[in-house]
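What follows is a set of notes on a single structure, which appears directly below.
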Amino acid sequence: MSTHNEKGTALITGASSGIGATYAERMARRGYDLLLVARDLPRLQTLSARLSAEFGVKAEVMQADLTDKADLQAVTLRLRNDKAISVLINNAGMAMNGQLAETDLDTVDRMILLNVVSLTHLSSAAAANFGAAGRGAIINIASIVALAPEMFNAVYSATKAYVLSLTQTLNGEVKPLGLQVQAVLPGLTRTEIWERSGMDGSKVPPNIVMEVGEMVDAALAGFDQGELITIPSLPDAADWQGFVGARAKLGPNLSHSSAAARYKHTDT
Ligand code: NAP
């Protein structure tokens, strides 16, 4: 058996369930070796054993709580130095429910550590490793609430807006080095995240919920098409292009030496 996989290894965070576990299956199917990261070691081991048997790839697991500084450092170090890793899928994330005034700030802190801090550290390590190699891909799982923050919890939505923003800037930095970057903005997707965050999934209209396999397949189709931003459920790509165009139109006027006329006081 060959010890070198031309495709390299896909490091997937939050690979023990839901979207991450589905990415793990799809990447193994595509012939990538796997490095699966999450807290639940037995679940990771069961998945990695199944995928390596089914697809003949190497699958390694790394138990880590990405809100823990030492665990995050260990994964970051591995990602920075392991030249076999060619894809990072920053998927681990948590959600929460409720209004900011009544929120549990310890949960808020953990969510920011996971959704924002760990994703940032891992993106940086991947950019350094892949940039030096002149190849590699970074896929960041955001959410449609990055574009529609009024729909859901304030902090969760803000963390996902961060993921979108970071991915857009990162793309400008590493695309010239030969790297591919993508932000995926799923709508509601049937996974464990709802129960974990205290949401009652039974109240959600089924016509706005996508099955996880369909969501990941669409995201990977967008990746194959070279998309920077993929919104799996958006029927008409022209709607996104219109949004991008409106933003570009603001660009030349976002910083001037004087305030807009409507903000100049007219008292004489
Ligand atoms: P999920 O089934 O709850 O999966 C979350 C994954 O993250 C699990 O593998 C979990 O594994 C891992 N994780 C949670 N806390 C962790 C920690 N402290 N350290 C390391 N790993 C941790 O939910 P999902 O829907 O697949 O979520 C995946 C991503 O998709 C998240 O970023 C989420 O925000 C995003 N997303 C989901 C939806 C949706 O409707 N489902 C929509 C938009 C975006 P362990 O418990 O084993 O650690």
Side-chain angles (χ1 to χ4, degrees), residues 11-26 34-48 61-76 88-97 106-107 109-123 139-149 151-153 155-164 166-167 182-201 204-206 208-216 218-219 229-234:
L11 190 168
I12 303 167
T13 67
S16 62
S17 70
I19 294 168
T22 307
Y23 263 110
E25 197 269 344
R26 301 302 197 263
L34 301 172
L35 179 50
L36 305 179
V37 177
R39 294 167 303 180
D40 189 328
L41 187 60
R43 270 182 121 177
L44 288 177
Q45 286 169 330
T46 304
L47 181 66
S48 71
V61 304
M62 210 172 166
Q63 183 181 32
D65 178 346
L66 294 172
T67 67
D68 177 86
K69 201 166 182 180
D71 282 8
L72 174 60
Q73 263 174 1
V75 180
T76 305
L88 166 66
I89 303 178
N90 260 321
N91 163 78
M94 58 179 275
M96 66 186 294
N97 226 340
D106 287 337
T107 308
D109 288 355
R110 270 192 294 114
M111 186 165 69
I112 293 171
L113 281 172
L114 183 62
N115 296 10
V116 171
V117 175
S118 80
L119 178 134
T120 306
H121 285 220
L122 296 174
S123 296
I139 298 174
N140 288 337
I141 308 301
S143 162
I144 50 106
V145 296
L147 301 174
M151 277 174 71
F152 192 53
N153 175 269
V155 185
Y156 178 77
S157 304
T159 67
K160 294 303 182 177
Y162 177 94
V163 174
L164 175 60
L166 179 120
T167 309
Q182 180 194 29
V184 179
L185 277 57
L188 282 170
T189 310
R190 200 177 312 284
T191 70
E192 294 169 20
I193 202 168
W194 306 353
E195 297 93 73
R196 288 193 203 225
S197 62
M199 263 176 78
D200 182 359
V204 179
I208 62 164
V209 182
M210 196 178 289
E211 295 303 325
V212 67
E214 183 159 358
M215 199 293 287
V216 172
I229 313 290
T230 297
I231 306 173
S233 68
L234 189 72

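Order of appearance sets the numbers: ligands from 1, and atoms from 1 within every ligand. Quantities reported herein were computed from a predicted structural model and do not represent experimental measurements. Index from 1, following the sequence.
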> Do you know which two heavy atoms are closest between Ile141 and Pro186, and how far apart they sit?
Replying inline: CG2-CG, 4.0 Å
>> With side-chain hydrogen bond (donor to acceptor under 3.5 Å, both in side chains) as the rule and sequence neighbours excluded, what pairs involving residues 35-46 come up?
In response: Arg43-Glu192
>> According to side chain to side chain donor-acceptor pair (under 3.5 Å), who are the partners of Tyr162, at least two apart in sequence or on a separate chain?
In response: Thr120
> Are the side chain of Asn91 and the backbone N or O of Gly14 linked by a donor-acceptor pair below 3.5 Å?
Replying inline: yes
> Can you list the residues that meet the side-chain contact (heavy atoms from CB on, under 4.5 Å) rule with Asp200, with sequence neighbours excluded?
Replying inline: Ser202, Lys203
> For ligand 1, what is the set of protein residues having any non-hydrogen atom at a distance below 4.0 Å?
Replying inline: Gly14, Ala15, Ser16, Ser17, Gly18, Ile19, Ala38, Arg39, Asp40, Ala64, Asp65, Leu66, Thr67, Asn91, Ala92, Gly93, Leu114, Ile141, Ala142, Ser143, Tyr156, Lys160, Pro186, Gly187, Leu188, Thr189, Thr191, Glu192, Ile193, Trp194, Arg196
> What are the two closest non-hydrogen atoms of Leu113 and Thr67, and how far apart are they?
Replying inline: CD1-O, 3.6 Å
